[in-house]
Amino acid sequence: MPVLHEWSVDPTEAIELQKQLAPRVERENRLGEVRHIAGVDIGFEDEGNTTRAVIVVMTYPELEIVDQALHRAPTQMPYIPGLLSFRELPAALEAYAQLTVQPDLIMVDGMGIAHPRRLGIAAHLGLWLDMPTIGVGKSRLCGRYDDVPEEKGGWVPLVDRKETIGAVLRTREKIKPLFISTGHRIDLDTSVDWVMHCLTRYKLPEPTRQADRIASRRTVALRQS
DNA sequence: GCGACAG
DNA sequence: ATCTTGTCGC
């Protein structure tokens with residue numbers, strides 16, 4: 001496996017690397033006992049010139065934050081559909097390296113294998129770290145799906161080229177569903193299960209929601225002085 | 001050839 | 001992703 005600094009910012013080479021790595025992503029469930037779950041999200045500042053990678057680690061089932069890391073760095077690559085991981089993973093890995101508490105499972109803002117070449121950012125991160133990961137996307141990259149059941153917890157398969165690549169899951173009644181997909185070392189049913197178990201009163205599962213809150217600089221009401 | 005297109 | 005206030009609805 002190439003190392004981080006060898007990653008190309010050239011689209012053509014990035015696509016070749018995806019084709020090489022995708023077959024190595026494991027889809028079977030190899031989850032052990034889960035006590036800590038991490039959430040990963042990336043935000044931007046300066047009109048996108050600065051990347052903010054955030055990782056939050058929470059306990060399960062309490063869902064309390066026990067560790068978090070933020071890494072800011074100059075943005076290296078533009079957003080190109082299908083090549084998101086090359087833009088966001090370098091910063092995310094830097095943040096991950098700062099963690100004191102190691103997670104047993106990671107939820108990533110974006111797709112797992114629900115990607116044209118089956119290597120969305122969640123799958124890429126999981127393969128890189130050899131860790132169980134789940135992709136939690138807010139919109140569709142590829143694949144087709146039927147109407148999603150209205151009730152919380154209802155879901156339908158996301159299908160691309162005759163293959164089920166994810167689940168379109170209703171995490172809140174009457175609210176746009178989430179796109180859940182396998183990252184690495186986990187299967188789809190287990191992925192959906194974990195997302196459901198991490199829900200409180202919001203659309204997003206807590207790990208991802210908390211990471212998103214910090215990455216986007218939306219913080220709990222604080223008093224300035 | 002013409003759309004679609006994670007964050 | 002981000003720029004942005006109030007507002008309509010469950």
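Per chain, numbering begins at 1; letters A, B, ... match sequence-line order.
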Problem set entry | Any side-chain heavy-atom pair of A/D160 and A/E163 under 4.5 Å | no
Problem set entry | Interatomic distance, A/I175 CD1 vs C/dC10 C1' [rounded to whole Å] | 9 Å
For this session: Give the rounded distance in Å between these two atoms: CG of A/N49 and P of C/dA1.
Result: 17 Å
Problem set entry | Contact pattern, 5' to 3', of nucleotides 1-7 of chain B - B, S or - by protein heavy atom under 4.0 Å | ---SBBB
Problem set entry | Residue A/D147 excluded, over 12 heavy atoms near CG under 6.0 Å | no
Exercise. Could A/E62 and A/R35 be called an ion pair, given the rule that one side-chain N must be under 4.0 Å from one carboxylate O?
Worked result: yes
Exercise. To the nearest Å, how far apart are A/F86 CZ and C/dA1 P?
Worked result: 21 Å
Exercise. Charged N to carboxylate O below 4.0 Å: is that the case for A/R185 and A/D130?
Worked result: yes
For this session: Using the side-chain contact (heavy atoms from CB on, under 4.5 Å) rule, take A/S85 and A/L125 through it: C-alpha gap first, then chi angles, then the decisive distance, then the call.
Result: CA-CA 8 Å; A/S85 64; A/L125 177 65; over 6 Å; no
